Amino acid sequence: MNITDQTMTVSKNGRVLYNWRVSTGRNGFETPTGSYRPKRMYTMWYSKKYDNTPMPHAIFFRGGYAVHATNATKRLGRPASHGCVRLNPANAAKLYGMVRKAGPKNTRIVVVY
């Protein structure tokens with residue numbers, strides 16, 4: 001994930017499969033940088049912190065931070081979230097399936113500037 005470019009590159013065995021636009025944390029709600037393994041996954045999660053906002057295909061990588069689908073697709077490509085990484089729903093579903101198949105221990109989420 002590149003916060004500066006607001007893009008996610010999905011690779012498997014060193015081969016780039018996808019490049020997707022994302023939305024990361026807006027000013028005051030930065031997305032944490034670093035290298036992580038998925039901690040929890042839910043086909044549907046509702047944010048207890050943000051008024052039960054739906055977070056489809058949520059892949060939590062650090063505390064309450066997750067990669068998940070959003071219906072606010074017009075905001076993809078610029079910071080817009082409270083720190084999560086938001087994806088187009090079809091891309092989030094595809095990523096979720098890939099992580100489920102490979103397993104969290106074989107998945108790495110890297111967030112950089």
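Owing to the predicted nature of the structure, the values given are computational and were not obtained by experimental measurement.
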Considering residues, nucleotides and ligands other than Asn71, do more than 12 of their heavy atoms fall under 6.0 Å from its CG? no
What class does the angle between the rings of Tyr50 and His82 fall in, given that below 30° is parallel, 30 to 60° is tilted and above 60° is perpendicular? parallel
Whether Asn2 side chain and Thr4 backbone form a donor-acceptor pair below 3.5 Å: yes
Give a yes or no answer on whether the side chain of Thr73 reaches the backbone of Asn88 with a donor-acceptor pair at less than 3.5 Å. no
Out of curiosity, Arg100 CZ to Thr43 OG1, how far, rounded to the nearest 0.5 Å? 7.5 Å
State, yes or no, whether a side-chain contact exists between Val67 and Met8 at a heavy-atom distance under 4.5 Å. yes
Using a 4.5 Å cut-off on heavy atoms from C-beta on, say whether the side chain of Asn19 contacts that of Thr7. no
Using the ring of each side chain (for Trp, its six-membered ring), is Trp20 parallel, tilted or perpendicular to Tyr18, with breaks at 30° and 60°? parallel
If we only count heavy atoms from C-beta on, is the Met55 to Met44 side-chain gap below 4.5 Å? no
What distance separates Leu95 CG from Ile109 CD1, expressed to the nearest 0.5 Å? 7.0 Å
What one should report as the nearest heavy-atom pair of Ile3 and Val111 is CD1-CG1, 3.6 Å
Rounded distance [0.5 Å steps], CZ in Arg108 versus OG in Ser11: 13.5 Å
The single option from Val85, Leu87, Leu76 passing side chain to side chain contact (heavy atoms under 4.5 Å, CB included) against Thr70: Leu76
Within the structure provided, determine whether Tyr96 and Pro56 are in side-chain contact (heavy-atom separation under 4.5 Å). no
Roughly how far, to the nearest 0.5 Å, is CZ of Arg75 from CZ of Arg21? 13.5 Å
Between Cys84 and Gly64, which heavy-atom pair has the shortest distance, and what is it? SG-O, 3.9 Å
Donor-acceptor under 3.5 Å (Tyr65 side chain, Gly83 main chain): no
Trp45 with Phe61, same ILVMFWY side-chain cluster at under 4.5 Å: no
Separation of Asn91 CG from His57 NE2 (nearest 0.5 Å): 11.5 Å
So, Ser81 side chain and Thr24 main chain: donor-acceptor pair closer than 3.5 Å or not? yes
Heavy-atom donor-acceptor pair, Arg62 side chain to Gly34 backbone, under 3.5 Å: no
Check: Ser23 side chain, Pro79 main-chain N or O, donor-acceptor pair, under 3.5 Å: no
Are Lys94 and Val10 packed together at the side-chain level, in the sense that at least one heavy-atom pair is separated by less than 4.5 angstrom? no
Counting only N and O atoms by type, is there a donor-acceptor contact under 3.5 Å from the side chain of Arg37 to the main-chain atoms of Thr107? yes
Minimal heavy-atom distance between Ala66 and Phe60, with the atoms involved, is CB-CD2, 3.7 Å
Check the surroundings of atom CZ in Phe29: do more than 12 heavy atoms from other residues, nucleotides or ligands lie under 6.0 Å from it? yes
